[in-house]
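In the text below, chain A, chain B and the rest are named by the order of the sequence lines, each starting its count at 1. Just so it is clear, the values below take in all heavy atoms, side chains as well, and ignore hydrogens, waters and symmetry mates. It should be emphasised that the depicted structure is a prediction, and the values quoted were computed from it without experimental measurement.
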Amino acid sequence: MKKEVRVRFAPSPTGALHIGGVRTALYNYLLARQQGGTMILRIEDTDQTRFVPGAETYIIESLKWAGITIDEGVGVGGPHAPYRQSERKEIYAKYAKQLIEQGDAYYAFDTEEELEQMRERLKAAGAEQQQYNSITRMQMRNSLTLSAEEVNKLMQDGVPYVIRLKVPRKEEIRLNDLIRGWVMVHSSQIDDKVLMKSDGMPTYHLANVVDDYLMKISHVIRGEEWLPSAPFHVLVYKFLGWENEMPQFAHLPLLLKPTGDGKLSKRDADQMGFPIFPMNWSDPKTGELAKGYKESGYLPEALINFLALLGWNPGNDQELFSMDELIQAFSLERINKAGARFDIQKAQWFNQHYLRQQSNEALAKAFVEELQKHNQTCDVAKAEKIMLIMKERITFVKDAWENGKFFFYTPEQYDTAVASKKWNADAVKVISEYATALKSTEVFDATTAKATLENTCVQVGIGSGKIMQALRLALTGMGAGPDLMMIMEIIGKEESILRLQKAINTLTVS
RNA sequence: GGUCCGUUCGUCUAGGGGUUAGGACACCAGAUUUUCAUUCUGGUAACACGGGUUCGAUUCCCGUACGGACUACCA
């Protein structure tokens, strides 16, 4: 019988959610939705030293914005609550104790200095690896080398200790990764990782396995950085007697820097001028504000489409996917093995595409909001008209403001290159006649503005093509832009005439 | 250093023992547009290298190189 699909996204609240984390969450979500399964959000806050206030809320909000909905977990609850690992301490302690009693784990009392000394000693001896493992553990201070009385004494005295897994000395550990196939590691290469820390909190390695088992997770979909420790996790499942219930693993390829080597980092993003976080994030420690995709003008559907295709493809030429289409088409088998370079240009292309698909009403609303940032007001009808003629030429809503300030301001300056080339006697003649003719128009819109212009040109005897650039210059101060007649309609009759006259008075004929 | 993972146009990728190695982004050119952008058409551009196996390998195998991840009482 097929197991119910239950997947989890399990971030640490150590800061803002990285864009790579959004992709991991997305792949989990897509599988869950496609299989009619459950998407769980678990917060892995076992490292109290790295806890960042606000991070958890940020993660939840970001997923929400991206359209990744959570069925069970922090923020929504569910049958396996609590979903915050710091609230599950006793559970992990119980299983750690079980491992100790079975003889598969042991107490270790070594101090940080002692561990450091061990590593240095091994390094000096030319050992290939400096690990706490089946060989070196016999030289350390733990419940394997100490007598029961000594161990009891140390514990009664309150000497801090950790619990380590007793990794077998000679064993081939195999795991079948859904993306990479069989991965085999010899147990001699694995160290006796800490399961329980001296503060009573579990490490990732224990908490992860225990929770995935208890929460009946069917697929562990996580970043490739976990692949090296996955065999260790298999061992833990085995010792706990959960080998048959072990989830399937899928280790995702990493997101790489746009140029150079290494995985994508905040530094790279900052340097190249693109966001690394889904939404704005102000670091509570430094107070530094990092701009998010949302605030930079990216549409969630564009970001999702872009991210989905970074490491996965449908096997055909389709590139545009709605969330529903992604859910339909997704499969773990079609995830790539190699890391994917992050190319922001492609993300921009997706944004341009999805922006155009938006209704003028929706765009107008976003535009009005953008205008507020610049202390500019605009009625909806005007905003809609502006978006109508600007939407084909912009990537972000804010571009409409950047490239369309003339909708709100009479030009103060004129593009000198265009002026010297196109502002001539003929142009001045037509434009001044045009201004006069416009005054007597009763109805003023793009159609009548155009008809009036054609009329004027015929009367003056100069082709309209010869003076359009000059007219554009007079109206917008620029040499390029959207349809002029629509611009006139939007700014209105009075303003249009005023601008024509101003240009005539300001610009000198070359 | 060790362990594990990987390698097709600049980038994301399809493909797969015999192909003109396909698509998308970016780039370039032409057409359309009064301008710019859009749109349309076209173009440049890739199987890391060396050995096998094979009639034949970019595709399968083995090495090498290169890249990445991990190597904490962090996740």
Side-chain angles (χ1 to χ4, degrees), chain A residues 10-14 44-47 49-50 85 108 110-112 115 119 123 126-132 160-164 177 179-181 183-186 188-191 193-205 207-208 222-231 251 253-254 256 258-263 306 309-320 334 336-350 352 356 389-395 399 403 418 422 453 463-473 476 478-484:
Chain A
S12 280
T14 55
E44 311 219 327
D45 55 348
T46 53
D47 185 355
T49 62
R50 294 207 306 159
Q85 290 186 328
D110 316 277
T111 63
E112 221 171 286
L115 290 170
R119 286 187 204 107
K123 207 171 173 181
E128 281 184 342
Q129 49 201 14
Q130 298 94 45
Q131 292 183 328
Y132 204 119
Y161 63 89
V162 299
I163 295 175
R164 288 180 182 271
D177 187 276
I179 295 171
R180 282 147 219 288
V183 175
M184 263 165 281
V185 182
H186 195 86
S188 62
Q189 301 297 331
I190 302 174
D191 63 336
K193 289 186 199 307
V194 171
L195 261 19
M196 289 293 280
K197 300 185 267 189
S198 56
D199 65 358
M201 278 289 191
T203 58
Y204 174 88
H205 306 293
N208 181 258
R222 72 222 311 186
E224 194 187 0
E225 67 268 28
W226 292 108
L227 192 53
S229 56
H251 288 95
L254 263 20
L256 271 20
T259 55
D261 310 322
K263 66 173 174 180
F306 167 63
L309 258 21
L310 228 43
W312 171 86
N313 74 82
N316 56 40
D317 287 344
Q318 187 177 351
E319 298 238 38
L320 267 3
R334 294 207 63 90
N336 270 356
K337 293 181 176 75
R341 275 219 151 79
F342 195 83
D343 179 14
I344 197 67
Q345 281 190 131
K346 190 105 183 197
Q348 288 169 353
W349 177 77
F350 276 115
Q352 184 184 320
R356 282 182 205 174
I389 58 172
M390 293 298 278
K391 74 191 283 189
E392 293 290 314
R393 42 209 313 129
I394 57 174
T395 300
D399 296 343
N403 304 329
V418 180
K422 304 285 183 181
L453 178 65
S464 65
K466 296 204 163 165
I467 54 88
M468 286 303 273
Q469 280 283 81
L471 184 60
R472 177 177 295 284
L473 187 73
T476 69
M478 307 196 297
D483 183 73
L484 265 183

Using only side-chain N and O atoms of A/Ser12, determine if any of them is under 4.0 Å from OP1 or OP2 of B/C74.
->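 Indeed not, no polar side-chain atom of A/Ser12 lies that close.
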
Could you tell me whether the phosphate oxygens of B/A14, OP1 or OP2, come under 4.0 Å of any side-chain nitrogen or oxygen in A/Asn336?
-> yes

Quick one: [X] [atom1] to [N] [atom2], roughly how many Å, whole number?
{"X": "A/Glu319", "N": "B/G22", "atom1": "CD", "atom2": "P", "value": "16 Å"}
{"X": "A/Leu309", "N": "B/A14", "atom1": "CG", "atom2": "P", "value": "10 Å"}
{"X": "A/Asn316", "N": "B/C12", "atom1": "CG", "atom2": "P", "value": "19 Å"}
{"X": "A/Arg180", "N": "B/C5", "atom1": "CZ", "atom2": "P", "value": "9 Å"}
{"X": "A/Trp312", "N": "B/U13", "atom1": "CH2", "atom2": "P", "value": "12 Å"}
{"X": "A/Phe342", "N": "B/G10", "atom1": "CZ", "atom2": "C1'", "value": "17 Å"}
{"X": "A/Gln189", "N": "B/G1", "atom1": "CD", "atom2": "C1'", "value": "12 Å"}
{"X": "A/Lys346", "N": "B/C27", "atom1": "NZ", "atom2": "C1'", "value": "14 Å"}

Write down the partner of [N] under the Watson-Crick or G-U wobble criteria, each distance required to be under 3.5 Å.
{"N": "B/C73", "value": "none"}
{"N": "B/C55", "value": "B/G18"}
{"N": "B/U35", "value": "none"}
{"N": "B/G30", "value": "B/C40"}
{"N": "B/A46", "value": "none"}
{"N": "B/U7", "value": "B/A65"}

If you only use heavy atoms from C-beta on, which nucleotide in [options] is closest to the side chain of [X]?
{"X": "A/Asp317", "options": "B/G23, B/G6, B/C25", "answer": "B/G23"}
{"X": "A/Ala480", "options": "B/U11, B/U35, B/A26", "answer": "B/U35"}
{"X": "A/Glu128", "options": "B/G2, B/U38, B/A75", "answer": "B/G2"}
{"X": "A/Asn313", "options": "B/A75, B/A24, B/U13", "answer": "B/U13"}

Expressed in whole Å, how much space separates the [atom1] atoms belonging to [N] and [M]?
{"N": "B/U35", "M": "B/U44", "atom1": "P", "answer": "28 Å"}
{"N": "B/A72", "M": "B/U54", "atom1": "P", "answer": "47 Å"}
{"N": "B/U8", "M": "B/U19", "atom1": "C1'", "answer": "14 Å"}
{"N": "B/C62", "M": "B/G6", "atom1": "P", "answer": "12 Å"}
{"N": "B/C66", "M": "B/C28", "atom1": "C1'", "answer": "31 Å"}
{"N": "B/A57", "M": "B/A48", "atom1": "P", "answer": "16 Å"}

Output one line per pair: protein atom, nucleotide atom from nucleotides 29-33 of chain B, and distance, for all N/O pairs under 3.5 Å.
none

Could you tell me whether A/Asp45 contacts a base, only the sugar-phosphate backbone, or nothing, with contacts defined as non-hydrogen atoms closer than 4.0 Å?
-> nothing

Give A/Thr46 one of three labels, base, sugar-phosphate or nothing, depending on what nucleic acid heavy atoms sit under 4.0 Å from its own.
->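 Sugar-phosphate only.
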
If you take all heavy atoms of [X] and [Y], which pair is closest and at what distance?
{"X": "A/Pro202", "Y": "A/Ala207", "value": "CG-CB, 3.9 Å"}
{"X": "A/Met196", "Y": "A/Gly200", "value": "CE-O, 3.3 Å"}
{"X": "A/Arg164", "Y": "A/Leu195", "value": "C-CD2, 4.2 Å"}
{"X": "A/Ala230", "Y": "A/Arg222", "value": "CB-NH1, 4.2 Å"}

Look at the rings of A/Phe306 and A/Phe350 and say which category their plane angle falls in: under 30° parallel, 30 to 60° tilted, over 60° perpendicular.
->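 A/Phe306 vs A/Phe350 ring planes: tilted.
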
Summarise how protein sits on nucleotides 61-73 of chain B as a single string, 5' to 3': B when a protein heavy atom is under 4.0 Å from the base, S for sugar-phosphate-only contact, - for no contact.
-> ------SSSS--B

Nearest nucleotide by nearest heavy atom, which residue falls closer to the 5' end of RNA chain B, A/Leu484 or A/Pro258?
-> A/Pro258

Do the side chain of A/Arg472 and the main chain of A/Pro482 share a donor and acceptor less than 3.5 angstrom apart?
-> yes

